[in-house]
Amino acid sequence: MGGAFIENCGLSGLNTWGCGGSCLWLARPESVSEAVLPIKKARDEGVGLYILGGGSNVLVQDGFIRAGIILTRSMDALKVTETEGGVRIEAAAGVPVKKLLALSLEEGVTGLEFLAGIPGTFGGALFGNAGAAGASFAPLVEWADTLSHDGEPRRWASGELVWAYRACPWREAPLLITKASIALRRCAREKIIGNIRRFSSLKRGQPIGARTAGCVFKNPDGASAGRLLDGCGCKKLSVGGARVSPSHANFVENTGGARAEDIYALTEMCRKRVYEEYGVTLEYEIKFFGAF
């Protein structure tokens, strides 16, 4: 598809909740130079611009969004280089994280086991500092290439990235991560498999096969969002076709025909319950496309 633009593109088939409306246009670049084109187009047209990877972790507004979308899935270049004691992986934004995990097992290197059970693409996972049980990209990233909101490229050294829990590692976030390098060290394959199983076990209880976007809320300091939600009776609450998962309260399922407004109303209902019961304001982990 390259630099082509799809006008008035429907988005429900491009996100894991399977809902939402359409956008002004969608671009599916295969390279950095092609990614610059929609950035300049959005600036020239005076419209908003969103970045979409694997489609998890996002809620897309119903109806029409007067904005452009950059879909990164075709930016999927991958390069593996041998290093002393390990390998260096240079991955573009659209590489699926499950492919990185499979590659690490194939190469016999450790560091990415925390990706077990995490959906999405490398760019999105890195931008949101995806992780599990205290493990994340922070000790692995050597550098990251980005495009600014003006389409200007920049390479960031690891020391320029400020890592925090489920947070963008930039003080002022760039528009798009285009590529990053991670360094992994050699490890016995049996130990890697054991680590993958351990991280996978942390996902037990999460809804498998349901249409969700992953965890809706971040864990507050010293607490579990899922336990707080469960403790105030949020499991199985529903609005329209949206339902809090009966197996894990931090997941919202599209049980069929849910609209984005149903999902949002349900998540706000849950936030209110937690605040009234515990005095804790849950912070969203999902990102919003459009007006909510």
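Contact of the Leu282 side chain with the Pro220 side chain is registered, since non-hydrogen atoms from C-beta on lie closer than 4.5 Å.
The aromatic ring centres of Phe217 and Phe251 sit 6.0 Å or more apart.
The only option from Asp62, Leu266, Leu59 that meets the side chain to side chain contact (heavy atoms under 4.5 Å, CB included) definition with Glu261 turns out to be Asp62.
Residues Arg186 and Glu84 are not paired through a salt bridge, judged by the lack of any N-O separation under 4.0 Å between the basic side chain and the carboxylate. Using a 4.0 Å cut-off between a side-chain N of Lys or Arg and a carboxylate O of Asp or Glu, Glu276 and Arg273 do not qualify as a salt bridge.
Remark: Lys40 NZ is loosely packed, at most 12 non-hydrogen atoms of other residues, nucleotides or ligands lying under 6.0 Å away. Around atom CD of Glu7, more than 12 heavy atoms belonging to other residues, nucleotides or ligands sit under 6.0 Å away. In this structure, Tyr275 places its OH atom where only 12 or fewer heavy-atom neighbours from other residues, nucleotides or ligands lie under 6.0 Å away. For Arg185, the CZ atom counts as loosely surrounded, since its 6.0 Å shell holds 12 or fewer non-hydrogen atoms of other residues, nucleotides or ligands. In the displayed structure, Asp221 atom CG is contacted under 6.0 Å by at most 12 heavy atoms of other residues, nucleotides or ligands.
Of the inter-residue distances, the one linking Tyr165 atom OH with Glu285 atom CD reads 5.5 Å to the nearest 0.5 angstrom. For the atom pair CG (Leu140) and OG (Ser104), the distance works out to 10.5 Å, reported to the nearest 0.5 Å.
Checked by atom type, the side-chain pair Glu253/Ser245 shows a donor-acceptor distance below 3.5 Å. A donor-acceptor contact closer than 3.5 angstrom is absent between the side chains of Thr212 and Trp17.
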Between Glu45 and Lys41, does a salt bridge (Lys or Arg N to Asp or Glu O under 4.0 Å) hold up when you go through it step by step? CA-CA 6 Å; Glu45 295 176 352; Lys41 179 177 174 67; 2.8 Å; yes

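Gly53 and Thr72 make their closest contact through CA-OG1, 3.5 Å (heavy atoms, listed as atom of the first residue, atom of the second, distance).
Annotation: cation-pi pair Arg155/Trp143 present, NZ/CZ under 6.0 Å from the ring centroid and within 45° of its normal. Lys218 forms no cation-pi arrangement with Tyr284, by the criterion of a distance under 6.0 Å to the ring centre and an angle within 45° of the ring axis.
Ring geometry for Tyr264 versus Phe292: interplanar angle of 30 to 60°, hence tilted.
Proximity of a side-chain donor or acceptor of Glu113 to a complementary backbone N or O of Ala116 within less than 3.5 Å is not detected.
In the hydrophobic cluster analysis, where Ile, Leu, Val, Met, Phe, Trp and Tyr join through side-chain heavy atoms closer than 4.5 angstrom, Val244 is grouped together with Ile286.
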